[in-house]
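All residue numbers in this chain count up from 1 along the given sequence.
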Amino acid sequence: MSGATLVIVGGGGFRVPLVYRALSSAPFAGLVSDVVLVDTLPDRAHAIARVLGALPSGARPAPSVRVEARLEDALPGADLVFAAVRSGGAEGRILDERVALACGLLGQETVGAGGISYALRSIPDMMRVATLMRDLAPDAWLVNFTNPAGMVTEALSAVLGSRVIGICDSASGLVTRAARAAGVDLRGSLTGVDYVGLNHLGWLRRLDDAHDGGHDRLPGLLTDAPRLAGFEEGRLFGPDLLRVLGALPNEYLFYYYFHREALRSIRAADRTRGETLRDQQADLFPRLLASADPLGVWEAARRERESGYLAEARPADEERDEADLAGGGYERVALHVMRALLTGRRAELILNVRNGTTFAELPADAVVEVPSVVDADGARPLPAAPLTPHQLGLMAAVKAVEQDAVRAAVHRDRDAALRAFAGHPLVDSFHAATRVLAGYEEAFPALRASWSD
């Protein structure tokens with residue numbers, strides 16, 4: 001199938017040009033003929049449309065672009081829906097960070113208290129998207145990047161079933177960087193990759209070299225300090241911790257394994273990550289609308305934005321390495337998923353999918369982040385080796401939190417929300433959980449008003 005219609009919910013999002021650029025290059029050229037941008041702030045969508053219009057189209061005609069202000073007008077005729085929504089905008093993210101910090105807790109976008117708060121806003125907004133899709137585009141697939149991606153995907157599966165697939169670039173970026181450091185050529189296959197976890201909480205446990213008899217290259221990499229120093233996660237965690245774990249953690253596990261250091265670094269900073277991005281992009285969208293070179297304006301902003309990612313985990317004078325910036329690419333993950341769904345051409349990717357029987361210790365309807373196969377029938381997890389007690393303990397604790405957060409958001413259950421905050425491994429007391437929930441209710445009046453009697 002070719003010439004599909006792609007609707008991007010959150011079409012004024014900063015990273016939309018990455019998706020569109022990938023659509024115009026091999027192997028995705030011709031996959032989509034029409035792109036519809038829909039955003040609650042139409043001016044932002046029009047600004048991004050100017051960037052798309054300035055991107056080189058390559059050998060084939062670029063997909064057409066139109067902007068819609070209403071989701072109801074964008075969805076009819078859609079084959080694919082890509083959602084990357086920031087509920088509450090930049091200011092909402094800043095409040096997620098600042099309220100947690102004021103309670104003595106980690107102030108981070110998707111991890112800990114801030115991640116729960118974000119989920120309580122994201123899930124209701126995305127449930128509306130799912131409900132409208134079910135009514136107006138029942139045969140369309142939803143590829144979800146809206147954070148917290150695992151929780152949002154799990155909530156939406158109650159409406160869309162298997163027609164929602166969650167994506168994130170952190171796990172695939174980890175595997176790409178580790179394979180490069182270990183000298184392993186994956187060639188598009190995850191057969192020798194053993195990665196397990198939840199979104200923003202996972203471990204690479206095996207990395208086979210198919211061209212060397214399936215030899216596992218990961219143990220050698222974990223004990224090779226010079227090679228570890230050559231990529232993001234190796235520097236982040238260091239050889240001592242990696243030797244103890246016998247696995248390579250997802251970068252977001254920095255907030256668990258080095259919680260005190262992360263909290264101290266974030267507290268010491270003049271601005272939170274959200275405040276930095278807000279300040280960097282305060283006038284970005286007006287400039288995109290007015291500039292004769294919107295692509296140049298966007299590219300400069302992109303490089304500045306990416307260089308500050310996970311800054312609290314690096315020394316103040318250390319810049320992100322170019323290879324680390326190129327190691328992931330959520331747009332490539334999204335497009336590989338979309339191509340597999342549209343054409344039936346099998347792809348193997350690390351995705352957020354329904355657990356089923358993959359890990360017997362977790363609920364069947366829980367969403368996990370694991371190597372999966374995607375084709376015209378959707379995404380299914382590949383077989384996985386058993387979890388270690390350490391991995392299971394952390395995954396089970398965080399999954400319980402996620403399911404309480406989903407219940408709170410969907411059923412307007414305040415007790416479930418409080419249980420989610422109190423149960424998170426990075427929230428150290430029930431009193432702190434009570435304070436932080438009250439702080440978010442004050443910061444977001446709609447949240448307080450949403451609880452059912």
Side-chain angles (χ1 to χ4, degrees), residues 106 108 110-113 115-116 148-151 154 166 168 170-171 174-175 178 182 190 192-208 216-223 228 233-234 236-263 350-372 381-406 419-430 433:
L106 178 74
Q108 209 280 332
T110 62
V111 174
I116 297 170
M151 283 189 268
E154 187 164 325
C168 181
S170 62
L174 163 64
V175 172
L190 295 180
V193 173
D194 179 9
Y195 181 94
V196 297
L198 310 177
N199 182 233
H200 289 182
L201 190 151
W203 301 263
L204 176 61
R205 306 186 300 179
R206 187 176 181 91
L207 191 59
D208 288 352
D216 183 8
R217 295 292 186 183
L218 189 61
L221 176 62
L222 297 182
T223 58
L228 290 175
E233 291 83 0
L236 200 59
F237 296 105
D240 292 339
L241 174 60
L242 297 180
R243 174 180 54 80
V244 170
L245 293 176
L248 190 58
N250 182 294
E251 58 200 343
Y252 283 88
L253 276 163
F254 176 84
Y255 298 113
Y256 294 82
Y257 292 135
F258 296 100
H259 180 231
R260 290 186 181 185
E261 293 85 351
L263 183 55
I350 298 175
L351 300 171
N352 287 268
V353 294
R354 187 176 183 271
N355 175 48
T357 60
T358 309
F359 303 117
E361 304 92 339
L362 297 178
D365 62 349
V367 164
V368 294
E369 189 171 81
V370 292
S372 304
L382 292 166
L387 299 169
T388 68
H390 169 70
Q391 293 157 3
L392 174 60
L394 194 48
M395 285 175 63
V398 174
K399 178 50 66 179
V401 168
E402 291 186 350
Q403 295 202 316
D404 276 328
V406 170
R419 193 163 56 244
F421 284 109
H424 199 286
L426 301 182
V427 178
D428 55 3
S429 83
F430 181 74

Would you call [X] and [Y] a side-chain contact if the rule is heavy atoms closer than 4.5 Å?
| X | Y | value |
| --- | --- | --- |
| Leu253 | Trp203 | yes |
| Leu174 | Glu251 | no |
| His200 | Cys168 | yes |
| Tyr195 | Leu190 | no |
| Pro148 | Val111 | no |
| Pro381 | Asn355 | no |

What heavy-atom pair brings [X] and [Y] nearest, and what distance separates the two atoms?
| X | Y | value |
| --- | --- | --- |
| His259 | Leu106 | NE2-CB, 4.0 Å |
| Arg205 | Pro386 | NH1-O, 2.8 Å |
| Gly197 | Val370 | N-CG1, 4.4 Å |
| Leu222 | Ala247 | CD1-N, 3.5 Å |
| Val196 | Ala384 | CG1-CB, 4.4 Å |
| Leu382 | Thr358 | O-CG2, 4.3 Å |

Nearest 0.5 angstrom please: [X] [atom1] to [Y] [atom2], how far?
| X | Y | atom1 | atom2 | value |
| --- | --- | --- | --- | --- |
| Ile116 | Met151 | CD1 | CE | 6.5 Å |
| Leu198 | Asn352 | CG | CG | 8.5 Å |
| Glu233 | Tyr252 | CD | OH | 11.0 Å |
| Leu236 | Phe258 | CG | CZ | 7.5 Å |
| Tyr256 | Leu394 | OH | CG | 6.0 Å |
| Glu154 | Arg354 | CD | CZ | 10.0 Å |

Leu245 vs Tyr257, side chain to side chain contact (heavy atoms under 4.5 Å, CB included): CA-CA, chis, key distance, verdict: CA-CA 11 Å; Leu245 293 176; Tyr257 292 135; 3.6 Å; yes
Assess whether side chain to side chain contact (heavy atoms under 4.5 Å, CB included) is satisfied between Asp365 and Gln403, documenting all intermediate values. CA-CA 10 Å; Asp365 62 349; Gln403 295 202 316; 3.7 Å; yes
Lys/Arg N to Asp/Glu carboxylate O, Glu361 vs Lys399, below 4.0 Å: no
Report the C-alpha distance between Met395 and Leu201 in whole Å, list the side-chain angles of each, state the deciding distance to 0.1 Å, and finish with yes or no for side chain to side chain contact (heavy atoms under 4.5 Å, CB included). CA-CA 8 Å; Met395 285 175 63; Leu201 190 151; 3.9 Å; yes
CA sep, side-chain torsions, deciding dist, call: Val193, Leu207, side chain to side chain contact (heavy atoms under 4.5 Å, CB included): CA-CA 5 Å; Val193 173; Leu207 191 59; 4.1 Å; yes
